[in-house]
Structures are given as structure tokens and as C-alpha cells.
Amino acid sequence: MTYPAATGDFRSAPQVPPAYAEERSAIIDLEAIRHNVRRLAAVASPAQVMAVVKADAYGHGAVPVARAALSAGANWLGTAHISEALALRAAGIEAPLLAWLHTPESNFAAAVAAGIDIGCSGWELERIVAAAREQERPARVHLKVDTGLGRNGATLDAWDSLVGEAMDFQDQGLLRVVGIFSHLAVADEPERPETDEQLAAFREALAIAQDAGVDPEVRHLANTPATLSRPDTHFDLVRVGLGLYGLSPFDGQSPDELGLRPAMTVRTVVSHCKDVPAGQGVSYGLNYRTGGTSTLGLIPLGYADGVPRIATGGPVRVGGVNYPVVGRIAMDQMVIDLGPLNVSAGGPSVLGAEAVLFGNGDDGGPTAEDWARAAGTNNYEIVTRISPRVPRRYINEEPAGGGPRL
Ligand SMILES: *Cc1c(COP(=O)(O)O)cnc(C)c1O
């Protein structure tokens, strides 16, 4: 294979230097990450930006993404689990860092020791305080109120007493209430009324906290869709995940229309190419049969790599054409029908040709959105579920001119 010279132009397909070329890879464009941070920071300003890097940065790789996001102006990092936050600290990342999803088995002491901010919905408070006593260091706490999502967060009924207890512990020097936050349920559907209701409930919770003497550094509510569509939800800090990765949270609005650039490209090479007769069954169940003499291309990615098994019909780009996957997606492989190429009679074989599942969508290339549609899911799930069997490869690690680091 030949590789076009790197142009430094993010709009062109990601350039893969031969040293990085692998049978399968998820290429992560860190310049796209930096661009998206700058874009979201401009939209959110004067609010600060928390880069949400939970779930290994939605499959993109938490440590490289966190570093790129911080270098481009993100002020905070966010994860679901304390264990994810500890991994970032272990990599030497010292930025303010919040983890918000805990169990009684979470390691609160390690979080306090590592200076990780801890989201607190209620039951965690006594464990956080015990950890602060043990570590002889005040915990940094963000109190979470449930304004309607119905997951964690204190109900408005319980909010008053949670705030009161937290302030008692703050007065004892055991913790500091650094933040107050909540999470939105339907911000990706801007026409729905519930975001207004949640915003009103959040303001009520803030007023109660203020009356109790809380003076938080950061009040935060907005996720990516709210950051992009609801300036009135920005407060002091926005928590952006999906937008950081260059994906659109809105049906019918492309990343490009939002000024975002998809950062992940999943690619492989065609592993087999052969002519078959009409009526050839394809893959387990023989659910697809060729309509005439045809040529099949074998794509060596399957559900073990994170391609949803249900997503037959999802596009694979080979030679500038998007072919739908035909037949069942198997653990390791799936098939495209290229039409009659007559390889056996000297026609062009696509064996070894690059096959792109999704990327930034330039030049009509397939997108994570296309795969989400084929799988009946959202783009969050498509990128996040790409499995560890697909190595992540980073391009544009250094800002402009630096090029990939070997
Ligand atoms: C995942 C998550 C986010 C980020 O949501 P996006 O829609 O990806 O921006 C923000 N806040 C909380 C609490 C989350 O769990």
C-alpha cells in the first residue's frame, strides 16, 4: 500500500504513516480533539470546560485525550468512577478531576489522597468524611441534586438536609463543597419542555444551598447538547463528552454543522476477495444470498471488535465506495458484496485494500452516525464499544507542525 504524504489538513482522511499501519486500528486524531475543545470552550465561555473522559474517553483513550483536551484549554476532567480518575492521576495528570458514580466499595480514601473531587448524592457523605479523617486531608465534594433524571443525585426533598450536613463537615474542616451539579435528561431534544423544568429545579437547589451558606467554585449542569443549544444551562462549568470526540448529539445535525470534527477512524484491510455464483449464501444463517454472479469482500472486524452484531447494512468504505455489510456480522468478520468484479478473469481484486468502517465523514465516507442507525443505537455507543482488540493509534499528538511522534 502507499500512503499519501501527510498534509496536516485534518479535513483529509487521516494519514497513516507506514509505521502505524496495522491490520486493524482506531486512529485517533488528537488535533480534532483539540479543535473540538477550542470550539466548545468558545461556545461555553465564560463558563469553563470539563472534558468528560469516562469509559476510556468514549473509547478514544483516556490519557492521550485528557492531555490533548487540557492542552487546548479544558480546565477540568470528569470520569464516572474513582478508579478511572485514579488511572489519570497515575499517568501524572494533575488537573482538577471529578468522579461521580460510586458504590460502597469505591475507594474514597484513595480519591481523597489523590486530590480527586468526589460527586456526592447523599449516602456517600459519611464515607467521604471517614476517608478525609483517615487521610487527614479535607475532601473536595460536589453535591449532586436530582432535578429530574431519576438516576443519582439527592431528591429536592433530601437536598436541604444533605446541604446542611455537608456544611457541618465543612465547618469541621473535613471537606470543602467545591461544586453543585445535576445532569440533564433530554437536552438532545431541544424542543422538549423538561430541560426548562430541570433548570428551574436546579436554580431552586442552588438557592437552598446559598441560604445554607454554600459558596461553590463551580455550579454545573450542561452536557454536550445543552452546551450547544442552551446557554442558560452553562453556569460556571460545562461537562462535555460527546462533543469532545467530534460527534453530534442532535438528530439531523452533523458535526460539521456544529463546528465539530469526529476524532476516531476505524479501519482495517480487506482480508479475502472472491467471485461467487448467483445465490451464494453469506455468513451464519445464510440470511443473504447474492442476486447474481458477484464478488465478496471479507472484512476482518466483527462483534468481538465492537461492531454491533445487529448492524447488518452498516457501511464499509473500500476504494471510495460505501458498501453495506451483507449477512450476519460474526465475532471476527463480516462481508460486503462488491458486485461482479470478475477477479478470476483478471478483474481488480480488493484484497488488502483499506476498509474504513467510519471516520470523519469527509468525501461521503461512512460515519459513526451511519453505524448507529444500522444498529438502532446512538453514536455514543458506537465509538465507546470499539473493543481493546482494535489498537488505538494517535495522530497529530503535537499541535500543528509536530506531526505524529514515533
Ligand atoms: C457522561 C456524562 C456527561 C457527558 O455527556 P455528553 O452528552 O457526552 O456531553 C456529563 N455529565 C455526566 C454526569 C455524565 O455522566
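Because the structure is a prediction, the values reported are computed rather than measured. Atoms within a ligand are numbered from 1 in the order they appear, just like the ligands themselves.
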Check: Counting heavy atoms only, which of T224, T227, V238 comes nearest to atom 6 (P) of ligand 1?
Finding: T224

Next item on the list: For atom 14 (C) of ligand 1, find the nearest protein heavy atom and state the residue, atom name and distance (0.1 Å precision).
Entry: K54 NZ, 3.0 Å

Margin query: Checking a contact table here: which protein heavy atom is nearest atom 12 (C) of ligand 1, and how many Å away?
Written below: H183 CE1, 3.3 Å

Margin query: Please tell me whether T155 and D146 have a donor and an acceptor in their side chains that are separated by less than 3.5 angstrom.
Written below: no

Item checked: Atom indices of ligand 1, in the order listed, that fall short of 4.0 Å to a heavy atom of Y380 -> 6 (P), 7 (O), 8 (O)

Check: Under 3.5 Å, N or O to N or O, is L242 touching ligand 1 that way?
Finding: yes

Notebook entry, point to check: Once the angle between the rings of H142 and F181 is folded into 0 to 90°, is it parallel (under 30°), tilted (30 to 60°) or perpendicular (over 60°)?
Noted result: perpendicular

Margin query: Under a 3.5 Å cutoff, is there a donor and acceptor pairing between the side chains of Y288 and D337?
Written below: yes

Checklist line | Contact check: R239 vs ligand 1, nitrogen or oxygen atoms, below 3.5 angstrom | finding: yes

Margin query: Testing the basics here: between I329 and A311, what is the closest heavy-atom pair and its distance to 0.1 Å?
Written below: CD1-C, 3.6 Å

Notebook entry, point to check: Going by the atom numbers of ligand 1, which of them fall below 4.0 Å from some non-hydrogen atom of P225?
Noted result: 7 (O)

Next item on the list: Just jot down the ligand 1 atoms closer than 4.0 angstrom to any heavy atom of V240, in number order.
Entry: 9 (O)

Next item on the list: Considering heavy atoms of the protein only, find what lies nearest to atom 8 (O) of ligand 1 and give residue, atom and distance to 0.1 Å.
Entry: Y58 OH, 2.6 Å

Notebook entry, point to check: If we only count N/O pairs under 3.5 Å, is G241 in contact with ligand 1?
Noted result: yes

Item checked: Heavy-atom pair of closest approach, residues R24 and D305 -> CD-OD1, 3.9 Å

Check: So is G78 close enough to ligand 1, meaning a heavy atom under 4.0 angstrom away?
Finding: no

